[in-house]
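Working notes, beginning with the structure itself.
Every chain is numbered from 1, with letters handed out A, B, ... down the list of sequences. The model shown is predicted, which means the values in this text are computed figures rather than measured ones.
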Amino acid sequence: MTQAAARDAILAVVAAIPAGRVMTYGHIALQAGLPRRARLVGKILSGLPEGSPLPWWRVVNASGAISPRGWMGHDDLQRLLLEEEGVAFSAAGRINLKLFSVTPVV
DNA sequence: TCCTTGACGAGAT
DNA sequence: CATCTCGCCAAGG
C-alpha cells in the first residue's frame, strides 16, 4: 500500500462519516485497512487545506474528546459544528462514543 | 541511519 | 475523571 493510496483510503473513510456521528482516529485507520495507523490519520488531517470539503470535525480521539491542535479556536469550532449536528457533549467536554460513534465493519 | 515529533491508544494509578 | 507511562508507526531533519 503506497502512501498516496493510504492517504486516499483515509480521506475516503472520513468523507463517509454521516452527519451527527463521529469516528475515532484508530477506527478510521482500521476501516481504511491500516491497523495501528491512528497517528497517520492525524497527520493527514493536519495537512488538510482550510476549505477542504472533508468533515474533519467528525473525527475525535478514542476518549471521545477533541484532540488539541495548537491552533487556538479550532477545537472550539469543532465542538460547535458537532453540537450543531446533534452530537452531545458531557460536562467534561467528551462525547458518548457508545451513542455517536461509527463502528468499523471488521 | 539515528533521533525527535506527533489532530493516537490502552491500561494502570 | 485526571494523569502517567508505554507502545505504535510514519515523516522529516
Side-chain angles (χ1 to χ4, degrees):
Chain A
M1 160 100 52
T2 70
Q3 57 193 358
R7 186 182 70 87
D8 290 342
I10 290 171
L11 295 184
V13 174
V14 173
I17 304 174
R21 292 296 200 74
V22 299
M23 211 170 188
T24 69
Y25 295 91
H27 282 172
I28 289 171
L30 185 62
Q31 186 64 44
L34 302 165
R36 297 196 274 315
R37 301 292 183 282
R39 305 188 81 140
L40 179 58
V41 175
K43 189 95 168 174
I44 299 300
L45 292 186
S46 69
L48 282 179
E50 275 289 329
S52 174
L54 254 74
W56 54 268
W57 59 88
R58 297 187 194 139
V59 184
V60 298
N61 60 36
S63 299
I66 293 174
S67 294
R69 298 184 165 48
W71 195 260
M72 205 189 97
H74 277 217
D75 47 354
D76 292 315
L77 169 62
Q78 178 169 9
R79 173 167 178 163
L80 264 290
L81 289 169
L82 286 176
E83 290 183 318
E84 204 169 302
E85 294 183 343
V87 177
F89 284 74
S90 72
R94 296 210 303 258
I95 300 169
N96 186 330
L97 297 178
K98 193 69 175 175
L99 300 177
F100 301 102
S101 70
V102 181
T103 312
V105 191
V106 185

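Partners of A:Ala29 under the side chain to side chain contact (heavy atoms under 4.5 Å, CB included) rule, at least two apart in sequence or in another chain, are A:Arg37, A:Val41. In this view, A:Ser101 satisfies the side chain to side chain donor-acceptor pair (under 3.5 Å) rule with no residue, not counting sequence neighbours. Taking the side chain to side chain contact (heavy atoms under 4.5 Å, CB included) definition, one finds that A:Ala62 meets it with nothing, sequence neighbours left out. Residues passing the salt bridge (Lys or Arg N to Asp or Glu O under 4.0 Å) test with A:Arg79, sequence neighbours excluded: A:Glu83. Partners of A:Leu48 by side chain to side chain contact (heavy atoms under 4.5 Å, CB included), not counting sequence neighbours, listed by chain and number: A:Leu11, A:Leu45, A:Ser52, A:Leu54, A:Trp56.
Hydrophobic clustering of Ile, Leu, Val, Met, Phe, Trp and Tyr side chains at less than 4.5 Å, counting indirect connections, unites A:Val60 with A:Leu99. Under the 4.5 Å side-chain contact rule for hydrophobic residues, A:Phe100 and A:Leu80 do not share a cluster.
When all heavy atoms of A:Arg21 and A:Val102 are compared, the closest pair comes out as CB-CG2, 3.6 Å. The two atoms that bring A:Tyr25 and A:Ser67 nearest to each other are CE1-OG, 3.6 Å, heavy atoms only. The minimum heavy-atom distance linking A:Asn61 with A:Leu97 is given by the pair O-CD1, 4.4 Å. Contact detail for A:Val14 and A:Pro55: the closest heavy-atom pair is O-CG, 3.3 Å.
At a threshold of 4.5 Å between non-hydrogen side-chain atoms, the residues A:Leu82 and A:Phe89 count as touching.
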Inset, instruction - At under 4.0 Å between heavy atoms, which parts of nucleotides 8-13 of chain C does protein reach? Answer with one letter per nucleotide, 5' to 3': B base, S sugar-phosphate only, - none. - result: BSSS--
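Evaluation of the side chain to side chain donor-acceptor pair (under 3.5 Å) test over residues 86-99 of chain A, restricted to residues two or more places apart or in two chains, returns none. For residues 44-67 of chain A, the set of pairs meeting the salt bridge (charged side-chain N to carboxylate O under 4.0 Å, His left out) definition, not counting sequence neighbours, comprises A:Arg58-A:Glu85.
Using a 4.0 Å cut-off on heavy atoms, the residues of residues 14-27 of chain A that approach DNA chain B are A:Thr24, A:Tyr25, A:Gly26, listed by number. Near DNA chain B, defined here as any heavy-atom distance below 4.0 Å, the residues from residues 50-63 of chain A are A:Trp56, A:Asn61, A:Ala62, listed numerically.
Here the range on DNA chain B touched by chain A, meaning any atom under 4.0 Å from one of its heavy atoms, is B:dG6 to B:dA10.
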Give me, pair by pair, the N or O atoms of the protein and of nucleotides 1-3 of chain C that are less than 3.5 Å apart, along with how far apart they are.
unit_1 : atom_1 : unit_2  : atom_2 : d
C:dC1  : O5'    : A:Arg94 : NH2    : 2.9
C:dA2  : OP2    : A:Arg94 : NH1    : 3.0

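Expressed to the nearest 0.5 Å, how far CD1 of A:Ile10 lies from CD of A:Gln31 amounts to 12.0 Å.
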